Student: 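Got a structure for you, written out below as structure tokens; questions coming shortly.
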Amino acid sequence: KDIKTIGELYKNGTLHAVEQPKYKFRDLYLNQISLLQGDITKLEIDAIVNAAKKSLLGGGGVDGAIHRAAGPELLEECRTLNGCETGDAKITKGYNLPSRHVIHTVGPVYSSSDVSRKADELASCYRKSMQLAADNNLKHIAFPSISTGVYGYPIVDATHIALGEVRKFLDCNSEIKYDRVIFIVFSDKDKSVYEDLIPQYFPSL
Ligand code: AR6
């Protein structure tokens, strides 16, 4: 299959990354969507999405990694934002990150007793983040797998929501020209879930 290294995309001017070789891309759906495995803090793009907590004051997981890489100025800007509701998103600069912006979104804490509300909240994270990127004229955005770490959302269910909501957003907002939406996963298991489900939402044409 057509897998490109980040270095090749870099040369094409499609994407920029500070550290190269461990990333592999699979481009799908009119080259608008990529699946990437690696560390989101290394991506030199317009915006990376942070799976944050309501206070926006940092934490573990991807949130901790982003704050560590961005440096203390990110926390300073986050303090001015008065937190963020579950399902909502707020934008900051990227500071020491190679990414120019961070879109902080707060996913739901999973509980099996309230599945449909949790699903709506998770979908809202993707929708609001895409909208915020568009409002700021950002052309590349990378999503980690929101809520599927500390917040316990089952990966298969969460991936259906992530892919379905991004597809819906692109279809409903065809006037917005994203260059690329990236889904970035950490583990091999998460990668295989995305690989299995992506064709349902983004068939190669
Ligand atoms: N790059 C890409 N993906 C990553 C990285 C990274 N550097 N680090 C972790 N992941 P989580 P949540 C993956 O727990 O479930 C924090 O404490 C990870 O493998 O970061 O939304 C916040 O402050 C998993 O697949 O986020 C909140 O309190 C995915 O990112 C809470 O955790 C999300 O895992 C949010 O929990």
Side-chain angles (χ1 to χ4, degrees), residues 6 15 17-20 22-26 34-45 47-72 74-75 77-79 81 83-90 92 94-99 101-112 115 117-129 140-163 165-166 181-198:
I6 236 179
L15 191 77
V18 269
E19 267 177 24
Q20 302 241 337
K22 51 185 175 186
Y23 301 96
K24 298 259 188 199
F25 271 89
R26 181 160 294 178
S34 294
L35 177 63
L36 175 64
Q37 184 176 22
D39 180 356
I40 200 168
T41 67
K42 306 296 187 200
L43 291 179
E44 185 181 341
I45 56 174
I48 60 172
V49 175
N50 181 17
K53 57 153 64 97
K54 280 180 166 183
S55 69
L56 298 183
L57 299 182
V62 74
D63 195 8
I66 287 173
H67 275 273
R68 271 194 303 281
L74 178 61
L75 186 57
E77 184 175 357
C78 284
R79 282 190 206 287
L81 299 177
C84 183
E85 291 303 317
T86 302
D88 208 352
K90 294 193 175 178
T92 65
Y95 299 99
N96 296 337
L97 285 165
S99 173
H101 299 87
V102 180
I103 292 173
H104 306 263
T105 189
V106 181
V109 179
Y110 187 74
S111 86
S112 53
V115 175
R117 188 162 67 93
K118 303 295 170 184
D120 288 346
E121 288 171 343
L122 186 58
S124 174
C125 289
Y126 286 91
R127 191 168 63 247
K128 294 273 177 70
S129 298
H140 294 128
I141 180 170
F143 284 101
S145 179
I146 299 162
S147 279
T148 65
V150 176
Y151 282 179
Y153 214 110
I155 182 68
V156 173
D157 296 348
T159 305
H160 275 292
I161 291 167
L163 297 171
E165 197 63 25
V166 168
V181 179
I182 294 166
F183 296 100
I184 179 161
V185 292
F186 225 35
S187 70
D188 289 343
K189 176 175 173 267
D190 293 355
K191 185 180 73 168
S192 73
V193 171
Y194 272 80
E195 281 177 333
D196 285 349
L197 296 183
I198 276 176

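This one's a predicted model, so the numbers in the text were calculated from it and none came from an experiment. Throughout, residue positions are numbered sequentially from 1 according to the sequence presented. Just so you know, these numbers use all the heavy atoms, side chains as well, and skip hydrogens, waters and symmetry mates. Atoms within a ligand are numbered from 1 in the order they appear, just like the ligands themselves.
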Student: Give the numbers and elements of all ligand 1 atoms closer than 4.0 Å to a heavy atom of Gly38.
Tutor: 1 (N), 2 (C)
Student: Identify, for atom 24 (C) of ligand 1, the protein heavy atom at the shortest distance, and state residue, atom and that distance.
Tutor: Thr148 OG1, 3.8 Å
Student: Would you mind checking which non-hydrogen protein atom is closest to atom 6 (C) of ligand 1, with the distance to 0.1 Å?
Tutor: Phe186 CE1, 3.5 Å
Student: Compute whether any side-chain donor of one residue and acceptor of the other, for Thr92 and His104, lie under 3.5 angstrom apart.
Tutor: yes
Student: Which protein heavy atom lies closest to atom 33 (C) of ligand 1, and at what distance to 0.1 Å?
Tutor: Ser145 O, 3.3 Å
Student: Name the orientation class of the two ring planes belonging to Phe183 and Tyr126 (parallel below 30°, tilted from 30 to 60°, perpendicular beyond 60°).
Tutor: tilted
Student: May I ask you to identify the nearest protein heavy atom to atom 21 (O) of ligand 1, giving residue, atom name and distance to one decimal place in Å?
Tutor: Ser147 N, 2.8 Å
Student: Look at atom 2 (C) of ligand 1 and say whether a protein heavy atom is found at less than 4.0 angstrom from it.
Tutor: yes
Student: Return yes or no for this condition: an N or O of Val185 is under 3.5 Å from an N or O of ligand 1.
Tutor: no
Student: Heavy-atom contacts with Asp190 under 4.0 Å: which atoms of ligand 1 show up? List them by number with element.
Tutor: 25 (O)
Student: Is the closest N or O pair between Gly149 and ligand 1 shorter than 3.5 Å?
Tutor: yes
Student: Under 3.5 Å between some N or O of ligand 1 and some N or O of Tyr151?
Tutor: yes
Student: Should you measure from each heavy atom of Gly59, which atoms of ligand 1 turn up under 4.0 Å away?
Tutor: 17 (O), 23 (O)
Student: Please answer whether the main-chain N or O of Ile103 pairs with a side-chain N or O of Lys90 as donor and acceptor at a distance below 3.5 Å.
Tutor: no
Student: Evaluate the side-chain contact (heavy atoms from CB on, under 4.5 Å) criterion for residues Ile184 and Gln37: first the C-alpha distance (whole Å), next the side-chain angles of each, then the deciding distance (0.1 Å), finally the verdict.
Tutor: CA-CA 5 Å; Ile184 179 161; Gln37 184 176 22; over 6 Å; no
Student: Taking atom 7 (N) of ligand 1 as the point of reference, which of Asp39, Leu56, Leu36 owns the nearest heavy atom?
Tutor: Asp39
Student: Looking at Ile155, Asp157, Val193, Val156, which one forms a side-chain contact (heavy atoms from CB on, under 4.5 Å) with Thr148?
Tutor: Ile155
Student: Which distance, rounded to the nearest 0.5 Å, do you find between the NZ of Lys118 and the OH of Tyr151?
Tutor: 10.5 Å
Student: Val150 to ligand 1: N or O pair under 3.5 Å?
Tutor: yes
Student: Among all protein heavy atoms, pick the one closest to atom 17 (O) of ligand 1 and tell me residue, atom and distance.
Tutor: Gly60 N, 2.7 Å
Student: In the protein, what heavy atom is nearest to atom 23 (O) of ligand 1, and what distance, to one decimal place, separates them?
Tutor: Asp63 OD2, 2.7 Å
Student: Pull out every atom of ligand 1 sitting under 4.0 Å from any heavy atom of Ala51, numbered as shown with elements.
Tutor: 21 (O), 22 (C), 26 (O), 35 (C)
Student: What residue and heavy atom of the protein are closest to atom 9 (C) of ligand 1, and at what distance?
Tutor: Val62 N, 3.6 Å
